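Following: one structure in structure tokens, then a few remarks.
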Protein chains: 2
Amino acid sequence: MTERRSAPARRRAGIPDATVARLPLYLRSLHALADDGVRTVSSEELARLAGGSAGSPAKVRKDLSHLGTSGTRGVGYDVAQLIDSISAELGLARRWPVVLVGVGNLGHALAGYGGFASRGFPIAALFDADPDRLGELVGGVRVRPMTELPDVVRAQGGAIGVIATPAEAAQEVCDQLVAAGVRSVLNFAPTALAVPDGVDVRKVDLAVELQILSFHEHRKSARVEVPA
Amino acid sequence: MTERRSAPARRRAGIPDATVARLPLYLRSLHALADDGVRTVSSEELARLAGGSAGSPAKVRKDLSHLGTSGTRGVGYDVAQLIDSISAELGLARRWPVVLVGVGNLGHALAGYGGFASRGFPIAALFDADPDRLGELVGGVRVRPMTELPDVVRAQGGAIGVIATPAEAAQEVCDQLVAAGVRSVLNFAPTALAVPDGVDVRKVDLAVELQILSFHEHRKSARVEVPA
DNA sequence: GAGTGTGAACGTCTTCACAGCA
DNA sequence: TGCTGTGAAGACGTTCACACTC
């Protein structure tokens, strides 16, 4: 989950982390339903659509009850209304600009990937340490030198930072982002990042995901050989 | 976590899912230590290096105790030995070939990203539905038509499937992977996948990660305005 | 009848605290 | 003395089951 530093315990107003992690999944399914013209949905149906870890009706109901309940007994949830309240809770009324650092292989793909902008996270700027890349246009956005980072963050009134640099550069880049005023970071570099209190880091490590799958594959193979 | 279907409860031989998810993080830090010539490490140091959710000494010790303990009291853990036993537990002795479906923006980047092969997950084949892409070389690997998928999986003796297609195509592609014998899937498409029992799916959804960060940003802003 | 909302039971994960060993 | 290994306690998250409402 969100990496939290020292802090003895978090006591937010209310919503559990596990629930927060599932709200985007519900939202995704709800948008699909709305596009199909569906007006209401039951917790059972929503659980099925959201799938995976979000896949039980009871869990859906508990989760949604945290947003000041909105369902109708005997009927289900109003799709449009649910979309509104989840969006509000996630702070999606506002668009959050993204600054992406590291325009290598992965950074390039992320910048070109339309899924960010279309979901309310427009890429405001690209940065790279390599002088050869400066000025290059990626997905219609110019690559800038790191020195311009503070100005961009200030001009945007805050931003989410995305780190797509090699592991060696990640901590340094992270420090610069934080110094520039960024308080939320998504880290693709395979390294743990140290950040001061009040800054949130989430990480995506592709190799780690594969290794977890490997564990399960391994287990499955083993089970065939030694059938308990 | 790993998406599990119906099943009332999983009872594996032993290691908790939460621990499995952290083992790759320890492994990463241990490799870095080994490269620096460090021979032993304490649970406290390892917790610091692995960072994030893996960041408490007690947790590290509990986690490592599941691998049939290997530390020395008063000293710490032998780095090389720990690398071996974690690797063994994760099934990394064997190399797991990866078949990647969808050579669009993201798929292209994943195929070009060296981090897979270097960590024991060589890309065995690329597939795409678009006839214009067939034959194209990406990262030295040829793009093939989906019809060749079963043969490739069989020839490799199993594989991990990576889905990097648009959301609309993902379920269909997933079905084809499963039919071809793939039992572990990493899904980048923003959709829930239905799979039969015995198949594991892990998902990475970039927009979801950003939305979770958005929630925390939102909360931080709110806290400034209404200082409790 | 159908489906939500929720206390209470349950299971899992984390943290504590300390005994035990090099 | 220093650090591991681990039962026991505690926090957190999920599931159950049923009262309640439309």
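Remember, it's a predicted structure, so these values are computed and weren't measured experimentally. Labels below follow one simple rule: chain letters A, B, ... track the order of the sequence lines, proteins then strands, and each chain is numbered from 1.
Here the nucleotide nearest the side chain of A:S42, chosen from D:dG13, C:dT15, C:dG3, is C:dG3. For B:S65, counting side-chain heavy atoms from C-beta on, the closest listed nucleotide (C:dC13, D:dT6, C:dT15) is D:dT6. For A:D17, the listed nucleotide lying nearest its side chain is D:dG13; candidates were D:dT6, D:dC18, D:dG13. With distances taken from any side-chain atom of B:R61 to the nucleotides C:dA17, C:dG3, D:dC16, the minimum falls on C:dA17. Listed nucleotides D:dT4, D:dG13, D:dT15 differ in distance to B:S43; the shortest reach to its side chain belongs to D:dT4.
Residue A:L82 contributes atom CG, which lies 14 Å from atom C1' of C:dG3 at whole-angstrom precision. When rounded to the nearest whole Å, the span between CG of A:D63 and P of D:dT15 equals 11 Å. Atom-to-atom, NZ of B:K59 to P of D:dA9 comes out at 21 Å; the value is rounded to the nearest Å. In this structure, A:H66 places its NE2 atom 10 Å from P of C:dT6, rounding to the nearest Å. Rounded to a whole Å, the CG atom of B:L67 is 14 Å from the C1' atom of D:dT4.
Under a 3.5 Å cut-off, the side chain of B:E209 and the backbone N or O of A:K203 do not form any donor-acceptor pair. In this structure, B:T40 contributes its side chain and B:D78 its backbone to no donor-acceptor pair below 3.5 Å.
Put simply, B:T72 has no side-chain N or O that comes within less than 4.0 Å of OP1 or OP2 on C:dA22. Under 4.0 angstrom from either OP1 or OP2 of D:dT14 there lies at least one side-chain N or O belonging to A:R22.
By the side-chain contact (heavy atoms from CB on, under 4.5 Å) test, A:E44 pairs with A:S42, A:P57, sequence neighbours left out.
The existence of a salt bridge linking A:D200 and B:R219 is excluded, since no basic side-chain nitrogen approaches an acidic carboxylate oxygen closer than 4.0 Å. Between B:D205 and A:R119, at least one side-chain N (NZ, or NE/NH1/NH2) sits under 4.0 Å from a carboxylate O, which counts as a salt bridge.
Both B:G71 and A:T19 lie close to DNA chain D; mapped to their nearest nucleotides by heavy-atom distance, the more 5′-ward contact belongs to B:G71.
Side-chain N/O atoms of B:K62 and base N/O atoms of C:dT15 include a donor-acceptor pair closer than 3.5 Å.
In this structure, B:T40 reaches neither bases nor backbone, as no heavy-atom distance under 4.0 Å exists between it and the strands shown.
Residues A:D63 and A:T19 have side chains that bring a donor and an acceptor to within less than 3.5 angstrom of each other. Side-chain contact, B:E217 with A:S184: a donor N or O sits under 3.5 Å from an acceptor N or O.
For the segment residues 73-81 of chain A, the set of residues with a heavy atom within less than 4.0 Å of an atom of DNA chain C comprises A:R73, A:G74, A:V75, A:G76, A:Y77, in numerical order.
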